[in-house]
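See structure below.
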Amino acid sequence: MNNIQSVQALEGGMLTELGLDWGKTVVTAAALLAALLSSAPLPAQAVGADSGLDSRLSRSADGISAANGVLPALLENRLTMSLHGVEDPALLFYLQRGFRPAWTQQEKLHGLIEAVRTLDEHGLDAADFALERLRTEALYRFADLPPERQVERELLFTDTLARLLQQLRHGRLNPRTLYADWNFSAPARPLEQAARLAQVLEAPALNAAVQAQAPDLDLYRELQAALKHYRMLATWGDWPKVASGPTLRPDARDPRIAAVRARLAAEERALRALASNAPGSSATGEHPPAPANSRTTGLASLADTTDASHYDPVLVEAVRRFQQRAGLAVDAALGKQTVDALNISPAQRVAQLRVNLERLRWVAQDMQGDHMLVDLTGYRLRLHLGGQLAWSARIVVGKPTRKTPALLDSVQHLVLNPKWVVPPTILREDVVPGVVRNPDYLVKHRMQIVDRSGASVDAQHIDWKAARQHGLPYRVVQDSGADGSLGRIKFSLANPYAIYLHDTNAPSLFRRDTRALSSGCVRVEKPNELAVLLLDDPERWGPEALEQALATGKTRTLPVARQIPVLLHYASAGLDEQGRLQFRPDIYARDEALRVALDGVQR
């Protein structure tokens with residue numbers, strides 16, 4: 001059996017006959033130390049009697065036994081520790097390389113130390129790793145260490161690299177422990193992780209190879225740059241605060257206007273200082289340092305006024321720019337949302353950016369290749385084909401009381417002129433109370449009641465007040481039509497939560513800036529265009545043919561030709577339509593719990 005076969009045996013759980021409780025650290029330590037000692041003469045007491053341990057190891061995979069020779073007796077105590085699981089990347093990594101040491105070159109040690117030291121650039125914490133111990137171990141040459149120390153250092157650096165790659169590629173936290181409905185792709189299997197360890201270690205520059213494991217996405221890089229930017233701004237302290245009060249509009253005069261002016265002017269002073277301290281540098285994010293002929297000119301003139309309490313045109317433009325960057329309605333109205341955003345400190349933005357970097361690491365592997373991104377907080381759907389943005393449209397998502405879940409899904413089929421079977425939540429919370437208030441509710445909404453066999457049920461024979469308390473044992477169905485809740489097209493997904501994409505009978509909602517308005521499903525602007533792209537059959541289903549089929553009013557189900565992942569992704573920082581980083585309101589109040597978990601102690 002060769003090394004690869006041994007790896008496959010380990011991953012398939014074929015070594016249970018060893019009678020040992022395998023685990024990463026000590027099993028690898030034993031085999032590795034044996035490999036290191038195999039060229040040296042063994043003490044007589046280490047070669048003689050069978051300790052029981054040696055006989056068990058002799059029945060192990062050939063890849064281990066060939067590297068071991070006779071295992072020295074001094075390792076026996078170290079192998080009695082309780083360990084778990086053979087599917088460990090470090091063990092597989094050493095098995096693949098015949099248990100040869102991997103950390104014999106000082107430049108690799110220092111490359112890993114540098115990668116750990118700069119983890120804060122990813123919003124991660126170097127405190128999760130024994131940085132000082134790594135530095136201490138790197139002071140010694142491999143050949144100058146006794147065998148036991150060589151093994152300990154090997155395991156320390158390999159374990160550090162394995163955990164470092166895991167955090168950069170898939171995140172510090174496991175989202176499956178945070179969200180019961182999480183179904184995005186799982187991290188790589190142990191055998192793939194072991195191969196990646198080898199690939200990174202063989203790279204000419206280890207630190208660069210480690211950094212390359214982070215998500216290769218424009219949004220990730222924008223978030224990183226903004227994180228650096230806001231950390232620098234945070235060194236200047238908090239902004240002046242703006243008091244709450246009635247909404248203020250352009251040309252108003254109010255003492256609170258002076259506070260808004262002071263808030264934006266303070267930020268401008270910090271930006272100028274950062275720019276002067278870092279010549280030629282640039283930082284993407286909410287407020288990048290800019291030359292004098294850019295947006296900074298307007299901000300600089302905020303202080304040049306004889307009436308600081310006047311909401312003048314210069315301040316109006318500054319507020320509009322701020323609202324766009326903060327993901328708010330760009331209306332220059334200084335209402336509650338805008339005031340709240342102005343009062344967010346740089347330190348709070350740092351926390352927000354760290355949270356969103358972590359979220360992106362969770363889903364980054366599903367953003368490779370063709371995919372449809374449903375940006376829940378940006379209220380936009382983007383279809384990516386062949387590495388390019390092929391189509392984009394506005395969407396309406398679930399209101400805070402009926403949240404749209406974050407899911408990995410796919411479009412199963414299209415339904416033209418769909419009927420709508422009212423979901424249980426809407427039936428309980430909307431339809432039944434509506435009928436109690438107005439007996440004509442069902443007629444007004446073109447709804448009918450059917451039993452399990454599909455037969456119609458007379459609404460007048462139902463005790464609606466009792467149904468409000470105990471539920472309705474029937475289905476309520478709305479007939480198809482452009483004025484129906486689903487509009488004329490439904491994009492059926494595969495999840496068990498009755499969440500799907502669909503047209504709408506209220507297109508005016510797409511003109512709103514804040515569009516968390518639905519009962520959980522996602523309403524899509526320009527659904528005909530999306531349908532043609534997914535059908536991917538120009539001869540049979542061009543725009544005209546699709547419109548003709550819709551005009552018949554008949555319900556029809558069509559298979560989709562493009563089978564691509566659909567990512568319903570939640571993030572409070574993303575890219576706007578121009579590809580610039582934009583903060584968004586945390587519409588479902590999810591950031592704080594994730595921040596607390598992210599700041600927790602890594603075990």
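For Lys419, the NZ atom counts as loosely surrounded, since its 6.0 Å shell holds 12 or fewer non-hydrogen atoms of other residues, nucleotides or ligands. Atom CG of Asp216 has 12 or fewer heavy atoms from other residues, nucleotides or ligands within 6.0 Å. Other residues, nucleotides and ligands contribute only 12 or fewer heavy atoms inside 6.0 Å of the CZ atom of Arg512. In the displayed structure, Lys336 atom NZ is contacted under 6.0 Å by at most 12 heavy atoms of other residues, nucleotides or ligands. No more than 12 heavy atoms of other residues, nucleotides or ligands lie within 6.0 Å of CD in Gln388, so this atom counts as exposed by the packing criterion.
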For this session: Just do the side chain to side chain donor-acceptor pair (under 3.5 Å) check on Arg402 and Ser519 with the steps written out, would you?
Result: CA-CA 5 Å; Arg402 297 181 185 176; Ser519 293; 2.9 Å; yes
For this session: Verify side chain to side chain donor-acceptor pair (under 3.5 Å) between Trp239 and Glu267, making sure each step is shown before the conclusion.
Result: CA-CA 7 Å; Trp239 311 124; Glu267 186 170 12; 5.0 Å; no
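Taking the side chain as every heavy atom from C-beta outward, Val477 and Val422 never approach each other to under 4.5 Å. Two residues are said to be in side-chain contact when any heavy atoms from C-beta on lie closer than 4.5 Å; Ile344 and Asp340 fail this criterion. Within the 4.5 Å cutoff, no side-chain heavy atoms of Ile449 are placed close to those of Arg475. Residues Glu529 and Pro527 are not in side-chain contact: their nearest non-hydrogen atoms beyond the backbone lie 4.5 Å or more apart. Between Asp479 and Met447, every side-chain heavy-atom pair lies at or beyond the 4.5 Å cut-off. Using a 4.5 Å heavy-atom cutoff, the side chains of Leu206 and Glu114 are not in contact. Side-chain contact check for Ile113 versus Phe129: every heavy-atom pair is 4.5 Å or farther apart.
Here Arg580 does not pair with Glu222 in a salt bridge; the nearest charged N to carboxylate O distance is not below 4.0 Å. Between Arg189 and Glu192 there is no salt bridge, since none of the side-chain N atoms of the basic residue sits less than 4.0 Å from a carboxylate O of the acidic one. Ion pairing of Lys241 with Asp238 is present here, as a side-chain N (NZ or NE/NH1/NH2) and a carboxylate O approach within less than 4.0 Å. Note on Asp128 versus Arg172: salt bridge recorded, some NZ/NE/NH1/NH2 to OD/OE distance being below 4.0 Å. Note on Asp120 versus Lys228: no salt bridge recorded, every NZ/NE/NH1/NH2 to OD/OE distance being 4.0 Å or above. Arg354 and Asp599 are joined by a salt bridge, as a carboxylate oxygen and a charged side-chain nitrogen come within less than 4.0 angstrom of each other.
Side chain to side chain, His122 and Gln167 fail the donor-acceptor criterion of an N or O pair below 3.5 Å. Counting only N and O atoms by type, the side chains of Thr338 and Gln323 include a donor and acceptor under 3.5 Å apart. Between the side chains of Arg169 and Gln213, a donor-acceptor pair is found at a separation under 3.5 Å. A donor and an acceptor atom, one from each side chain of Asp586 and Ser572, are nowhere located under 3.5 Å apart. Side-chain N/O atoms of Ser485 and Asn505 include no donor and acceptor closer than 3.5 Å. Residues Ser518 and Arg523 bring no donor and acceptor atom of their side chains to less than 3.5 Å of each other. In this structure, a donor-acceptor pair under 3.5 Å is absent between the side chains of Gln352 and Asn356. With hydrogens and angles left out, the side-chain atoms of Asn417 and Thr555 include no donor and acceptor closer than 3.5 Å.
Ring geometry, His384 versus His371: the interplanar angle falls under 30°, so the pair is classed parallel (tilted spans 30 to 60°). Classified by interplanar angle (parallel below 30°, tilted 30° to 60°, perpendicular above 60°), the ring pair Tyr588/Tyr570 is parallel.
The structure places CD1 of Ile499 at 12.5 Å from OG of Ser492, a figure rounded to the nearest 0.5 Å. The structure places CG of Leu414 at 5.5 Å from CZ of Phe491, a figure rounded to the nearest 0.5 Å. Interatomic distance, CG of Leu383 versus CG of Leu373, reported as 10.5 Å (0.5 Å rounding). Here Leu416 contributes atom CG and His413 contributes atom NE2; the two are 10.5 Å apart, rounded to the nearest 0.5 Å. Once rounded to the nearest 0.5 Å, the distance linking CG of Leu385 with CG of Asp370 reads 5.0 Å. Distance check: Leu493 CG to Asp409 CG gives 4.5 Å after rounding to the nearest 0.5 Å.
By the 6.0 Å and 45° rule, Arg349 stacks over the aromatic ring of Phe583.
Between Val432 and the choices Arg468, Gln469, Arg437, the side chain to side chain contact (heavy atoms under 4.5 Å, CB included) rule is met once, by Arg468. For the side chain to side chain donor-acceptor pair (under 3.5 Å) with Asp576, the lone residue among Gln582, Arg584, Gln324, Arg380 that qualifies is Gln324.
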